[in-house]
Trainee: 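Quick one: the structure is below, and I'll ask about it shortly.
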Amino acid sequence: MSKADTVIVLDFETTGLSPDIGDRAIEIGAVRIENGRVTDRFQELMNPGRPISGFIEDYTGITNRMLQSARPCGEVMRRFSDFIGDYNLVAHNASFDQRFLDSELAMISEERCGQFACSMLAARRLYQEAPNHRLSGLVEYINIPADGVFHRALYDSEMTAKLWMAMLDRIGDRYEVPDVSFSMMKKLTKTPKRSIGQLFEQR
DNA sequence: TGCCAGGCCCTCTTTAGGGCCTT
């Protein structure tokens, strides 16, 4: 990502794995990266209108009691839609967050303008030797300072943002590309692993 | 009570199956 590119790095906590079977968002966290640093943050719980499972309470630390006093999904998502504007978007395993973002926005008759790029697909190419490509695993593998709790939306979006910026630095160091654009990162995630070198050399 | 999805990617592949990732 060029230092001039502004992107929103986001993460949803949800009631389950798929909006197609009725799952809803329960928390959104996001940071705006501008000129290579975090310039704004968004974090809010949202009430999905029904109790969440014990598994999700344990997984996220978000309890039904916490959600009782949260604003409804639609109200939160309207503010979040304003926050993301028409910026491009980044998430870890972006297909997951993309489905929930589009589903929640559709319920309030809104839609996004920006494109998604996936930090996990980029990391699978840039850290092929890593033991795994979970967000927490990558943060540990590349020694990003981590003093919080994973599986909360703002913390995960902050860690994803740090991973994203670390990958920009890695490309700069390894391939001598000084200013990697968002579109180049997106292209990276669609490039076969064996062809990554060619992607940067052909510039 | 236990499970539910979907895209990517590898391989014992491509007329398929299964692990990885996200909650």
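Keep in mind that this is a model prediction, so the values were computed, not measured. All chains are named by letter (A, B, ...) in the order of the sequence lines, taking the proteins before the strands, and each is independently numbered beginning at 1.
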Trainee: For Glu13(A) and Arg152(A), what are the C-alpha separation, side-chain angles and deciding distance, and is it a salt bridge (Lys or Arg N to Asp or Glu O under 4.0 Å)?
Mentor: CA-CA 7 Å; Glu13(A) 304 306 318; Arg152(A) 285 301 298 269; over 6 Å; no
Trainee: Between the side chains of Arg79(A) and Glu44(A), is the shortest nitrogen-to-carboxylate-oxygen separation below 4.0 Å, so that they form an ion pair?
Mentor: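 A salt bridge is present here (some side-chain N lies under 4.0 Å from a carboxylate O).
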Trainee: Output the rounded distance in Å from OH (Tyr127(A)) to P (dC21(B)).
Mentor: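 In whole Å, dC21(B) P lies 15 Å from Tyr127(A) OH.
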Trainee: Without hydrogens or angle criteria, can the side chains of Gln68(A) and Asn47(A) be said to hold a donor-acceptor pair below 3.5 Å?
Mentor: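 No, because no side-chain N or O of Gln68(A) sits under 3.5 Å from a partner of the opposite role on Asn47(A).
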Trainee: Distance check, C1' atoms only: dT23(B) and dC3(B), in whole angstrom units.
Mentor: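 Per the computed distance, 14 Å lies between those C1' atoms.
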Trainee: Just the table, please: protein N/O against nucleotides 4-6 of chain B N/O, every pair under 3.5 Å.
Mentor:
residue	atom	partner	partner atom	Å
dG6(B)	OP1	Asp20(A)	OD2	2.9

Trainee: Specify the separation, in whole Å, of atom CZ of Phe100(A) and atom P of dT23(B).
Mentor: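 To the nearest whole Å, that distance equals 10 Å.
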Trainee: In this structure, how many angstroms lie between the P atom of dC21(B) and the NE2 atom of His92(A), rounded?
Mentor: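 Value for this atom pair: 8 Å.
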Trainee: With rounding to whole Å, what would you report as the distance between dG19(B) and dC4(B) at their P atoms?
Mentor: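 Taking atom P in both dG19(B) and dC4(B), they lie 13 Å apart.
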Trainee: Expressed as a whole number of Å, how far does the C1' atom of dG17(B) sit from that of dC12(B)?
Mentor: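 Per the computed distance, 10 Å lies between those C1' atoms.
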Trainee: Assign Ile26(A) to base, sugar-phosphate, or nothing according to its heavy-atom contacts below 4.0 angstrom with the strands shown.
Mentor: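 Here Ile26(A) touches no strand at all.
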Trainee: Under 3.5 Å, which protein N or O atoms sit close to an N or O of nucleotides 8-11 of chain B? Give each pair with its distance.
Mentor:
residue	atom	partner	partner atom	Å
dC9(B)	OP1	Arg125(A)	NH1	2.6
dC9(B)	OP1	Arg125(A)	NH2	2.3
dC9(B)	OP2	Arg125(A)	NH2	3.4
dC10(B)	OP1	Lys193(A)	NZ	3.3

Trainee: In terms of side-chain heavy atoms, does His92(A) have a donor or acceptor partner in Ser119(A) at a distance below 3.5 Å?
Mentor: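 Indeed, the side chains of His92(A) and Ser119(A) share at least one donor-acceptor pair under 3.5 Å.
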Trainee: Distance only, no hydrogens: is a donor on one side chain within 3.5 Å (strictly under) of an acceptor on the other, for Tyr141(A) and Glu129(A)?
Mentor: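 On atom types as modelled, these side chains qualify, holding a pair under 3.5 Å.
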Trainee: Test side-chain contact (heavy atoms from CB on, under 4.5 Å) on Phe80(A) and Leu101(A) and set out the steps.
Mentor: CA-CA 10 Å; Phe80(A) 187 62; Leu101(A) 178 61; 4.0 Å; yes
Trainee: Could you state the CG-P distance from Leu135(A) to dT22(B), rounded to the nearest angstrom?
Mentor: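 Distance, rounded to whole Å: 7 Å.
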Trainee: Any donor and acceptor pair, going by atom type alone, linking the side chain of Arg125(A) with main-chain N or O of Thr191(A) inside 3.5 Å?
Mentor: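 Such a contact is found between Arg125(A) side chain and Thr191(A) backbone.
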Trainee: Taking salt bridge (charged side-chain N to carboxylate O under 4.0 Å, His left out) as the definition, give me every residue that meets it alongside Glu140(A), ordered by chain and number, with sequence neighbours left out.
Mentor: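 With neighbours one apart ignored, the set is empty.
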Trainee: To the nearest Å, give me how far apart OH (Tyr59(A)) and P (dT22(B)) are.
Mentor: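 Taking OH of Tyr59(A) and P of dT22(B), I get 6 Å after rounding.
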Trainee: Considering every strand and a 4.0 Å limit on heavy-atom distances, what is the contact class for Asn132(A): base, sugar-phosphate, or nothing?
Mentor: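 The residue Asn132(A) makes sugar-phosphate contact but no base contact.
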Trainee: Can you tell me, in whole Å, how much space there is between the P of dG6(B) and that of dG2(B)?
Mentor: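 Approximately 24 Å lies between the P atom of dG6(B) and that of dG2(B).
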Trainee: Atom CD1 of Ile28(A) to atom P of dT22(B): distance rounded to whole Å?
Mentor: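 Taking atom P of dT22(B) as the reference, CD1 of Ile28(A) is at 16 Å.
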Trainee: Tell me the interatomic distance from His133(A), atom NE2, to dC21(B), atom C1', rounded to whole angstroms.
Mentor: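 His133(A) atom NE2 is separated from dC21(B) atom C1' by 11 Å.
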Trainee: Base, sugar-phosphate or nothing for Thr15(A)? Non-hydrogen atoms, less than 4.0 Å.
Mentor: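 Here Thr15(A) touches no strand at all.
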Trainee: Rounding to the closest angstrom, what is the interatomic distance between dT13(B) and dC8(B) at atom C1'?
Mentor: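 Looking at atom C1' only, dT13(B) and dC8(B) are 15 Å apart.
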Trainee: Do the side-chain N and O atoms of Asp23(A) and Ser18(A) include a donor-acceptor pair separated by under 3.5 angstrom?
Mentor: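 Side chains of Asp23(A) and Ser18(A): no pair found under 3.5 Å.
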Trainee: As a test of understanding, state which of Arg78(A), Arg24(A), Arg99(A) forms a side-chain hydrogen bond (donor to acceptor under 3.5 Å, both in side chains) with Glu104(A).
Mentor: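 Output: one option passes, namely Arg24(A).
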Trainee: Expressed as a whole number of angstroms, how long is the span from Asp156(A):CG to dT23(B):C1'?
Mentor: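 For the pair Asp156(A) CG and dT23(B) C1', the rounded distance is 11 Å.
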